[in-house]
Structure formats: structure tokens, C-alpha cells
Amino acid sequence: MKQIKLVALALSFVAILIANTSAQDPFGLEKPQPLPTGMTGSNPGDPRANLSPGLYDAGETSMGIKHLMLLRKPEAFELGSDPNSPQVAKAMTAMGIPNDPRIPAEVKLGAGAMALANSDLAFSGNHLFMGNFYGINIYDISDPAKAKLVTSMICPGGQGDVTVYKNLMFMSVEMPNGRIDCGTQAFPVPALEEMQSRKGPPAAEKDRFRGIRVFDISDIKNPKQVAAVQTCRGSHTHTLVLDPKDNANVYLYNSGASFVRPDAELAGCSNAPADKDPRTSLFSIDIIKVPLAAPQDAKIVASPRLFADGGKINALTDAGSHTKEGRVEASNHCHDITVYPELGLAAGACSGNGILLDIKDPANPKRIDSVNDPNFAYWHSASFSNDGKKVIFTDEWGGGGGPRCRDTDPNKWGANAVFNLEGNKLKFGNYYKLPAAQSAAENCVAHNGSLIPVPGRDLKVQAWYQGGISIMDFTDPANPIEVGYFDRGPIDAKKLVMGGSWSAYWYNGRIYSSEIARGLDIFELTPTKWMTQNEIDAAKTVEKTLLNVQTQEMTRWPRKLVVAKAYIDQLERSQALSVGQAADLRKAISKAEASKDAKGLAKHADSVDKSSARAKNSVDSARMKALADVLKQPVM
Amino acid sequence: MHELSMKHPQTRPLLIGLVSVASLIFFFTPSVLAQSGSDAPIIVQPGAPGHPTRKLSADTRAVLPAKSAKDVEFMKGMIMHHAQAVEMTALIEERTKSKDIRLLSARISQSQSDEMTFMTRWLTARGETSAMNPSAADSSHSHGSHHSAVAEMRMPGMLSSKQMTDLKAARDAEFDTLFLSGMIQHHRGALAMVKDLFDTAGAGQDAEIFSFATDVDTGQIAEIKIMQTILNERP
């Protein structure tokens, strides 16, 4: 009886396998599941929903964003463009990919797509640093219209999250192919027989590197590795933390999200559950202190238990709701932490929870709040509004490789959640998801973005993988809306080929996007009914010399008249100013600009200042105060 | 140049040749410089800390790690493993009214069937089939018959045939309990498979396998916690 059942059971698996795989094109697309009851999906009628496919010739559409250029991924970060060339054939053979004509050429090349994917971005002065699973590419963007590659640095080992500070560049290494010497050969793969005998060689390797590398980039064309700080779970992402009271050191908060390496490879590492081993490498982050004068001495100075309550290491839960905190078990790592040193705060997206940290002492962060969300699968990233009164968390449902923006995917899953921050307590506002439905051939979910410094508004430009780039206005946290976008069709219409925007960040007047498969995209904003030229120009008044997006710095706008004009446009849009009032103010500003004399603006400043008390809401009231402030004493 | 040729008319043909060469050099020099001069991007590979950075040639192309038999075995086993989760979630519709479980089950079904598509694609691209090699699976259910190779296909955490039969026969509260405890057991098996992968020399160095196995680990840990919460909150 048992025997028959077992066979039946096994046969039913085989049947499912056949139904799911063999009978179909193995490279075919995932079949969508029906929307769960009560959920709604994205809009299949959006112009972005049905763009034509192509790697370099896909259909494109945009609103409020103009594509300036694509700099293709350098060839040193490709196996080769022609799958039939001897060079590519050699690489394929080494990877164990057979010379089988039934396997489409692009699938063969695609086998290396992730290992060569572009990832996160950082900026310093005129240079852009683009991480890649295979190393880092450094671009000169002094003239964004003529951006060019300067240095390709080969050093594989995982997604290559990158930050920069002064003459130092930091890089996350997570994968087991990472070598201390940046070698591309990885580690030996035992033969099948050896492996099946279960007596194969140990997994531990002394030359393996998983952790954070430190490079001296004083010579941008010759980065030198000066330190390599090993960590138990490697480094998935890291965050540069500045201590306002200490100019001699910087800190790195390291988020290791992967498996714990054996003690035999790195002494002290433990994969044991929290209740079995108080020294477990799970349930913490690593804090690395980097002396700027002696970066070679960088080392771990703390591994705080961010998920602990009292003596319990694993006190936070992965499941819960906005109203109750079901403290069952455990978030065991953070995926990404965004720090705001000026406010002494950090927001951590920590697998099963969003957490808020007090980081006034950067080497000793303390958790001060935590939240759950019933619709979140994986807490991926966090960012503050410029005033620090809102926090956006993102949910990377499906891990980034899945198509999660179809019209059958709930728009509360794989979305952003906007929280209000009141008295160090996070309170849920609403969700925001890419409003346009995407095809099953496009990996799509919420991913990395940065603020756009338009004064008077909270705007975030954000990457959604092959869903493209979307600009979210979250000035009203209960009602976040889209005010701009750019999208391409899928790389391939019939197969999901990994691609799309990994990170889309504003830096000194342009939007830079790291396109996983294609290269570096550069964009600028164009006016729409949602955004005026004055607002764009006001954003461009903000000039930075350094941008690591997970290290937030407060933007303060110069008292330029274009900033005043941006506020007037916003107040007119929200009807806090009548058309006539707005026209009067603009006329007065034009006059001041023409005469280079701002005296006539003072009385307008007084009047706007007085009206601010009568504004219908706090947002308009703050805009009026800020407008009055510029008009009182503008920088001409 | 013209003046020169006027002074030495006898050398004119030679000079024309030289002029041509000179103009060729003049015209081609900028592009040559762009390839190899100070303006061209350079390719470097750092050494270990304290060691110099090497400059690589402009025709350098990527080299990726070799295929690991363990990676292949892991993918085949995980397809088998996931198929049971999909089969379990297919039972939900007629057997429970719990909103929490139905929602969770929809998510599990979605992610596990998506992952099966991904794994099949990964295997096919590497010239492998998705069929399991029986010797690599759990052999505790071998009965020596000619069916045993099929019957052996049990990966860690997979429910026994009796568990599946009981689950199919159960309704409502009893089903909910069996489903949740069964799926927790099932998911824990996946975690064990991921651990086994990374405990093997040379395995998990492929970027897709690495990301996938890590996602399975974090995703299923999270789902286990959610299921435990629902289970603990039940009357």
C-alpha cells in the first residue's frame, strides 16, 4: 500500500514537473497567478505596459524625464558579444555550458548575465562609481553630455556595493568566488565523483574574501587595495557613516545577508541559532572603523545586537501588522541601512522588519523603534525625507529577479511603504508601487532611489529594474503619487533576461541609472504639469561634491530667486495662492531680477509670511514661510 | 611643403609619398591615441592588500567560475522539492477558509512555481535536464522494486505520502494545522539543502545559484516565521 502511494506521489511530482517545465519552452515565461481576493494590480493600459523588446533597440517611453545617453557596459565586463566567436566558446566551455545548438545563443550568454551585472552607484566630485558583480567601473561625468569611462577595475565577488569618501573607495564582497587578490579564477570545483563520495575537500579556503575591501583611489586610474576586512556573512551592502564629532575616522555599517562561513575559514563565525549560541553570527551587523590616516588598520569594532530585547538576541519578528507587534521570532540580518548623521538617526531595512536606530554614537547604535507590515515579503531599503519626518521602506518581493509588476501582482506587494516619523515612532502612511503593469518578461520590484532636491516637495527617483525609473511625490505620505517616469521594453519578449535599473540617483542636476545589462544611463528632468522648469532649476541649485545615497545629508537651498519661483509654482498648483497672487509675485521677482535690486520684494515677503498662518495645511504653510524667507533677503 | 618640393623637384615623387604617409599619420594619430593614450579607459586588477595593481590589456574579457556538479544537483533537487509545495498549495482552495493561510499560500505558490521556472531555465542553459539523479536524493524510502528509483525522490523536509494523504483528507481547522506544520517542515528542508550547498567545496560560486540559494534561505525563513505566527495564534 505504502509502496503504491509512494509511487503515486512521486508520479504526481513528475506530472507537475512535466506540466510546469518539459511540455513548455524551458526558457518560457512564468505563468501569472490570479490576484488574491481584495487586491488590485498595476494598470495594463499604461503606455509602459506594452513596449517593444530589445537590448539596445527596445521601445522607450517617458514622462518628465529625457534620456540623454547610454554608455554601454565595457567589454571587459562581458563574455563577448558574439556567442559564436571562439573567445566566447572558450568561456562557455569553462563554465560548463555545452555547445548545443538547441540552446539559444542569448541564453548561453545570459548564463553569465548576473555574474556581470551592474549594481549600485556612488559619486565623488566629477566621478561616478558603478558597482558590478565583477568589479567597479569609474566614469568621468565632469561634462554629463560627454560622460566617459576612466577605469575598469576587475575584482569579482558579489554585487559590489560601492561607497566613496575622500581618497578611499569601499566595496562589498559577498559571494564565495571572492578572492583576497581580486582573482577571477574563484576556487577549485571538485569532480563529480569526489563530490558524490561526500568526502570531498573542505569548503573552507584561506584565500577566500567575503567582507569589505578598502581601496586607495588617490590615483583614479590605479586603485590600490589597502585593506580587506573579513566578515562572517560577507557583505551584501554597506553604509558609510560619518561621525560629526570625529573627522579622523569613518565607520562602515556592514550588512551581511548571506550564509555564515565556517569557523575553519574565519575564526569565531557561528551559524548556530540564537538560543543555542550567544556568539552566533546571525542577528547582527558589523561596524568597521576606518582611520582615514591609516586605512590599512580598518577593523570590526562592534557587532551590535540590533534585534535584541533584554537578553533575547532574536526578539524581532518577521511577521506582523501595523497594529500589533507579534513578537514571535526573528529578523536575522539587515539588507540595507540608511544613516542620517546630522539627525543622529538611521533606518534599517532588516529582512523581516523596518527598524529605527539612534546613531549619535556611531559605534554603538541603539534600536529605538521597529515596524512590521503584513504585505512586506522582504524589507530591502530605507530612506528619509530631507526633513527626517518620513521614512520610506521598500519591499523586494521576489528578490529582484522575478516579474512582480504584472497586472496580476498585488500593488501592495513589492512596493514602497511610506511611514511618518513622529517622536521617534514610525507610523504607516501608505504604499506606492510602479503604477504601470509590466510584462512577465521584465523583472520588476521596488529598488534603489534617491531624493530629488526640489524645495517644498518630497520627491524620490527610484529604480524598478525592468519596470524602469519612476519619480514618486510623497509630500503627502497618505497619498504618494507618480510625477515622472522612463521605461524601456523588455530585453527579450519571450524570455526573462535579467536587466533594468538597479539604482537611479539624482546627482547635481542629472539622474544617473545603473542599467544591469546595458550600462550607464543619464537623464534630465523636463517640465510637465507635475513639475515646472522653476522647480527643476531650483533642484539644480543644490551642488554636492559627494553622494553615497545611504548616507543622507540635509539639503539647504540657497536663497536664490529661482527657489522662490519654485515655491510660487507649487503654491499656485495647490491653490494656496490665487492665479492673481502668483502673477503679482512673479512680476515683482522679474522686476527685481531686471533691476538687480531686491528691495521691492520685502513687502511681498511680509504678506506671504502673514498668509502662512492661514494656509490650509502644514505643507503650504512651510512653503510660504520658506518663500518669505527667500524674498526677504535673496541672493541675487 | 610646397616650397620644399619646388626647391628639390627631383625628389618630388618620393616627397609625395612622404606627404601621403605624413597625412596618413596625421589623420590616424588621434584615433590611435584614443585607443592607447592617456584618454582611453584603462583596465586594472588590484592585488591583495599591500600588493600592486596590475594593468590589463584592452582586449581583456570576463572569466567566470566553472560549473559545479553540486550546483546542478542542488537545482534538480530543489525543483523536486518545490513541486511538492505547489501541490500542497493547490489543496487550499477546497479545504480552508482562513484568509491568512489563503494569502500566504498564494504567495508560496507564486514564488515556488516562479522559482521552478527559473531553475529549469538555469539547468537547460547548462545542458542539464531537470530530472533528478535518484542516487543524490534521500534513499530512506527505497523498497528495491523497479519503481524505487522514482519512489526515492524525496528531498529533505518533503512530506511523506501518509502526510500528503492526511492533508488531502483534512478540512478546515485540522487542515490548517496540518498545512502549516507540513509547510514549515517542508521549508526547513529547503534551508538544510541551502546549507548543504554552501558547505560543499567549489559550490555556490555561480552568481545566479548564489543569489537564488540566498533568496530561498531568507524567503523561506520569513515564511516559516509567518506560519509559526499563524499557528501560534490559532485557538
Side-chain angles (χ1 to χ4, degrees), chain A residues 3 5-7 9-10 13 16-17 20-21 26-27 30 33 36 76 79-80 95-98 100 107 111-112 114-116 133 149 151-154 175-177 180-182 184 186-190 192 195 200-201 203 221-222 224-228 258-259 318-319 326 328-329 352 399 402, chain B residues 41-49 53 60-70 80 83-84 86-87 103 106 109-110 113-114 116-117 120-121 124-127 130 141 143 147 150-151 153 161 164-165 198-202 204-205 207-208 210-211 214-215 218 222 225-226 228-229 232:
Chain A
Q3 170 85 34
K5 273 186 190 165
L6 271 172
V7 172
L9 177 70
F13 292 154
I16 287 169
L17 276 180
N20 272 284
T21 57
F27 306 109
E30 293 176 4
Q33 308 274 318
L79 293 171
M95 290 169 67
I97 293 171
D100 182 341
V107 169
M114 183 128 188
L116 301 166
F133 279 66
L149 180 65
T151 306
S152 284
M153 185 188 89
I154 291 169
M175 282 179 41
N177 65 323
I180 190 94
D181 59 5
C182 291
T184 57
F187 293 93
V189 174
L192 180 65
M195 191 266 302
K221 294 195 158 194
N222 190 28
K224 285 197 194 99
Q225 190 168 203
V226 291
S258 183
F259 70 98
D318 286 272
V328 187
E329 265 192 71
Chain B
I42 65 162
I43 306 171
V44 295
Q45 185 174 33
T53 297
T60 300
R61 295 292 178 275
V63 178
L64 298 180
K67 182 168 77 175
S68 146
K70 183 70 186 180
M80 186 59 63
Q84 190 182 52
V86 173
E87 194 190 5
L103 210 56
S109 169
Q110 174 82 70
S113 51
D114 286 358
M116 284 166 68
T117 310
T120 308
R121 192 164 60 220
T124 314
R126 285 154 183 82
S130 52
H141 294 270
H143 294 267
H147 290 303
V150 182
M153 293 194 279
S161 58
M164 285 302 287
T165 308
F198 287 128
D199 279 348
T200 305
Q205 300 190 102
E208 288 190 329
F210 173 81
S211 296
T214 303
D215 286 348
T218 51
K225 303 295 152 53
I226 292 170
Q228 279 174 337
T229 312
N232 293 349

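Convention: sequence-line order gives letters A, B, ...; per-chain numbering from 1. The structure presented is a predicted model; accordingly, all values stated were derived computationally and were not measured.
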In terms of heavy-atom proximity below 4.5 Å to chain B, should [X] be classed as side chain, backbone, both, or neither?
{"X": "A/Ala228", "value": "both"}
{"X": "A/Leu149", "value": "both"}
{"X": "A/Pro176", "value": "both"}
{"X": "A/Phe259", "value": "side chain"}

Determine the minimum heavy-atom distance between [X] and [Y], stating which atoms define it.
{"X": "B/Ala201", "Y": "A/Pro190", "answer": "O-CD, 3.2 Å"}
{"X": "B/Ile43", "Y": "A/Ala76", "answer": "CD1-CB, 3.8 Å"}
{"X": "A/Val189", "Y": "B/Lys67", "answer": "CG1-O, 3.5 Å"}
{"X": "B/Ala62", "Y": "A/Leu79", "answer": "O-CD2, 3.7 Å"}

Roughly how far apart are [X] [atom1] and [Y] [atom2], rounded to 0.5 Å?
{"X": "A/Met95", "Y": "B/Leu64", "atom1": "CE", "atom2": "CG", "answer": "4.5 Å"}
{"X": "B/Gln45", "Y": "A/Met153", "atom1": "CD", "atom2": "CE", "answer": "9.5 Å"}
{"X": "A/Phe187", "Y": "B/Ser68", "atom1": "CZ", "atom2": "OG", "answer": "14.5 Å"}

Close side-chain approach of B/Glu208 and A/Met114, heavy atoms under 4.5 Å:
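Side chain of B/Glu208 against side chain of A/Met114, heavy atoms only: contact under 4.5 Å found.
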
Among the listed options A/Gly402, A/Gly399, A/Ser152, the residue most often paired with chain B at heavy-atom distances under 4.5 Å
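So the answer, after comparing A/Gly402, A/Gly399, A/Ser152, is A/Ser152.
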
Residue, of A/Cys182, A/Pro36, A/Ala115, that accumulates the most heavy atom pairs under 4.5 Å with chain B
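The candidate making the most pairs under 4.5 Å is A/Cys182.
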
Holding to side-chain hydrogen bond (donor to acceptor under 3.5 Å, both in side chains), I want the full list of residues that pass it with B/Asp114, two or more places apart in sequence or in another chain.
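In terms of side-chain hydrogen bond (donor to acceptor under 3.5 Å, both in side chains), with neighbours along the sequence ignored, B/Asp114 is linked to A/Arg404, B/Gln110.
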
Under 3.5 Å, side chain of A/Gln225 to main-chain N/O of B/Pro46, donor-acceptor pair present?
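Side chain of A/Gln225 to backbone of B/Pro46: no pair is present.
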
In terms of heavy-atom proximity below 4.5 Å to chain A, should B/Phe198 be classed as side chain, backbone, both, or neither?
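Contact with chain A: backbone and side chain both.
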
If you count heavy-atom pairs under 4.5 Å with chain A, which of B/Ala207, B/Gly202, B/Pro49 comes out on top?
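With the most close heavy-atom pairs to chain A, the winner is B/Pro49.
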
